[in-house]
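Everything below concerns the one structure shown next.
Just so you know, residue 1 is the first one in the sequence shown, and it goes up from there.
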Amino acid sequence: MNTDTLIKKIEEQINNFEATLDVVEFGIVQSIGDGIARVSGLSQCEASEMIEFEDGSIGVALNLEEDTVGIVVLGDYLGIHEGDKAKRTGKILSLPVSNDIIGRVVDPLANPIDGKGEISIDKQQLIERVAPGVMAREPVSVPLQTGIKVVDALVPIGRGQRELIIGDRQTGKTAVAIDTIINQKGQNIKCVYVAIGQKKSKVMRIVKKLEEAGAMEYTTVVLAGASDSSALQYIAPYAGVAIAEYFLDKGEDVLVIYDDLTKHAAAYREISLLLRRPPGREAYPGDVFYLHSRLLERACRLNEEYGGGSITALPIIETQGGDVSAYIPTNVISITDGQIFLEAGLFNKGIRPAISVGLSVSRVGGAAQKKSMKKTAGPMKLALAQYRELESFAQFGSDLDSQTKKALDHGRKSVELLKQKQYSPISLAKQVASIYALNNSLLDDIKFEDILDWEIGLYKFLEMSKGDILKSISEKWDDDIIGKLEQAIKEYNDSFNI
């Protein structure tokens with residue numbers, strides 16, 4: 001290159017030079033302890049903004065005070081010391097998401113923890129987002145089948161609903177949720193299971209079970225274990241619903257399970273007390289209701305104009321001694337569209353799933369039930385209610401008339417028929433067939449102890465020789481199908497009673 005060309009190039013670069021000023025706001029850590037850092041000097045800091053410390057740790061600004069900012073450190077805080085610099089990132093707390101997050105186990109910041117390599121990033125999804133407004137929503141009218149007879153028949157769930165699963169510890173709350181995930185196979189629904197404060201060994205057993213059932217193909221597990229910090233447990237459910245919203249924005253249907261919100265509220269209480277926020281009832285902060293309402297309101301069914309997707313939420317709450325009137329349970333009951341109540345007494349009697357039909361309710365699911373199930377399940381509700389009334393009187397009197405004996409026998413068989421093994425969801429058509437047989441006196445000649453064998457045999461019989469009837473039940477419900485189903489059950493009963 002000759003001298004003239006070189007001078008010309010240098011002149012061009014000088015003329016085109018633009019000085020850019022990169023302004024970064026730093027603060028100084030005043031105190032650090034128990035995962036909470038107090039930083040001064042961040043006068044322009046925003047709520048929920050991500051703050052970066054000298055050792056690379058990330059924190060979230062939760063308390064914006066006059067002189068300092070209260071920051072919750074996400075993860076390990078032992079590398080942060082007084083006098084360290086804390087830098088504003090200018091980003092509100094968000095996590096990277098893409099289609100590849102399906103089938104993975106991640107922490108609440110979407111970092112993979114299953115040893116299967118990195119996850120590609122499509123976009124950054126805000127962890128906190130305003131719930132869709134009234135005009136963007138559509139009434140719940142599409143069923144979400146759980147595969148659990150007692151739920152689908154008596155406490156149905158629709159896509160876009162928020163149905164609370166509540167009960168004491170060890171009554172099968174997680175089992176109901178996991179069975180629901182397994183039953184979504186082939187239903188074109190993505191699932192997100194959020195484990196908050198659970199033992200990691202328990203969560204890995206659940207993941208293994210989901211893999212065996214082929215359910216991890218459409219499921220993401222967000223894990224903030226018992227050994228993780230309160231900060232990670234606090235953001236875990238919001239991370240779960242943020243992942244769900246990524247698919248909602250694409251017009252897809254998503255099921256989110258929060259297991260459980262009792263531990264989530266306890267983690268938030270711990271953070272709030274460390275931030276020196278004023279304690280209220282049971283030492284929870286005053287905004288503990290808003291903690292869960294802003295989370296669960298994000299579950300919805302959008303209308304076609306907004307993409308037509310849905311998020312169905314199944315929050316889990318653990319009660320102490322069956323007390324549903326405690327602070328957190330009453331809060332969440334008032335936010336949700338119904339509850340599935342599991343009783344320790346029923347569980348110990350061997351009635352599993354231990355769902356109390358009397359105390360469980362679905363406020364919108366009935367509108368989303370298929371016609372075949374709606375027509376069939378109606379008489380069953382009445383029969384179970386009568387059975388509970390009669391059962392309490394029957395234990396005092398020995399001389400019962402034939403009508404009462406018949407009602408008691410029918411009730412006992414109803415309870416027996418609603419029993420179901422874990423990890424064995426049943427299709428809608430099979431459920432309708434067995435409940436129809438019960439309601440129409442087709443079980444009167446079957447002994448009580450043979451009910452479960454009869455049920456297993458009926459499903460095999462219908463699958464092998466009456467597949468067309470099962471297919472018809474799923475699509476419509478008329479006199480022709482009812483007649484064919486009744487004939488098929490009678491035919492099966494004749495062979496069963498031999």
Side-chain angles (χ1 to χ4, degrees), residues 92-95 97 99 101-102 123 125-146 151-152 155-166 177 180-181 183-184 187-194 196 218-220 222 235-261 264 289-317 331-340 361-370:
I92 301 299
L93 186 59
S94 58
L95 52 85
V97 284
N99 278 328
I101 206 162
I102 292 294
K123 65 181 282 197
Q125 193 85 6
L126 284 176
I127 278 182
E128 294 272 10
R129 192 165 99 171
V130 178
V134 175
M135 301 310 291
R137 294 174 184 248
E138 183 89 356
V140 174
S141 59
V142 181
L144 184 136
Q145 302 294 343
T146 66
V151 175
D152 289 341
V155 207
I157 299 168
R159 295 187 188 188
Q161 191 175 343
R162 298 153 300 181
E163 185 79 7
L164 173 64
I165 301 171
I166 184 167
T180 305
I181 290 177
N183 197 54
Q184 301 320 307
Q187 303 295 319
N188 200 22
I189 291 184
K190 302 279 193 300
C191 299
V192 181
Y193 175 74
V194 184
I196 309 156
Y218 51 84
T219 304
T220 300
V222 179
I235 67 164
Y238 300 106
V241 77
I243 292 166
E245 281 169 344
Y246 171 73
F247 295 104
L248 173 76
D249 294 342
K250 294 180 166 188
E252 297 186 48
D253 294 310
V254 194
L255 168 69
V256 192
I257 286 149
Y258 307 110
D259 191 5
D260 66 69
L261 292 187
H264 180 234
F289 180 89
Y290 178 58
L291 173 79
H292 290 147
S293 64
R294 74 177 191 264
L295 170 72
L296 294 169
E297 276 296 313
R298 287 161 77 175
C300 61
R301 181 162 175 244
L302 297 177
N303 56 35
E304 288 303 319
E305 194 184 330
Y306 289 85
S310 72
I311 294 177
T312 310
L314 295 183
I316 295 174
I317 286 283
N331 274 356
V332 183
I333 284 170
S334 66
I335 300 163
T336 48
D337 308 312
Q339 66 275 349
I340 295 167
V361 64
S362 173
R363 297 192 184 104
V364 292
Q369 260 181 320
K370 286 274 179 84

So do D253 and N188 actually touch side chain to side chain, heavy atoms under 4.5 Å?
no
For D337, run the salt bridge (charged side-chain N to carboxylate O under 4.0 Å, His left out) check against R363, R162, R159 and tell me which one passes.
R162
Flag, side chain of T312 to backbone of G160, donor-acceptor distance under 3.5 Å:
yes
For E138, all residues meeting salt bridge (charged side-chain N to carboxylate O under 4.0 Å, His left out), sequence neighbours excluded
none
With heavy-atom distances below 4.5 Å as the criterion, would you say the side chains of F247 and V97 are in contact?
no
Between N331 and H292, is any pair of side-chain heavy atoms under 4.5 Å apart?
no
Nearest-0.5 Å distance, CD1 of residue I196 to CD1 of residue I316
9.0 Å
Find the distance between CD (E163) and CD (Q339) and round it off to the nearest 0.5 Å.
7.0 Å
pair I243-Y246: side-chain heavy atoms closer than 4.5 Å:
no
When rounded to the nearest 0.5 Å, the distance separating OG of S310 from CG of L248 is 7.5 Å
Do L144 and Q187 have side chains that approach each other closer than 4.5 Å (heavy atoms only, starting at C-beta)?
no
State, to 0.1 Å, how close T220 and I101 come at their nearest heavy-atom pair, and which atoms those are.
OG1-O, 2.9 Å
Find the distance between CG (L314) and CG (L296) and round it off to the nearest 0.5 Å.
10.5 Å
Under 3.5 Å donor-acceptor, D259 side chain and Y193 backbone
no
Roughly how far, to the nearest 0.5 Å, is the CD1 atom of I92 from the CD atom of E128?
10.0 Å
If I compare all heavy atoms of P315 with all of T336, which pair ends up nearest, and what's the gap?
CG-CG2, 3.9 Å
Mind checking whether R298 and V256 have side chains closer than 4.5 Å, heavy atoms only?
no
Contact between Y258 and H264 at the side-chain level, heavy atoms closer than 4.5 Å - yes or no?
no
Measure the spacing between OG1 of T219 and CD1 of I181 and express it to the nearest 0.5 Å.
5.0 Å
V140 and A368 have their tightest heavy-atom pair at CG1-CB, 4.2 Å
For C300, is there any backbone N or O sitting under 3.5 Å from a side-chain donor or acceptor partner on R137?
no
Heavy-atom nearest pair, I157 first then T146, reads CD1-CG2, 3.9 Å
Within-4.5 Å side-chain heavy-atom neighbours: Y238 and L95
no
Hey, is the main chain of Y306 close enough, under 3.5 Å, to the side chain of N303 for a donor-acceptor pair?
yes
Would you find a donor on one side and an acceptor on the other, under 3.5 Å apart, between the side chain of Q369 and the backbone of D152?
yes
Tell me if a side-chain donor or acceptor on R301 pairs with a main-chain N or O of Q161 at a distance below 3.5 Å.
no
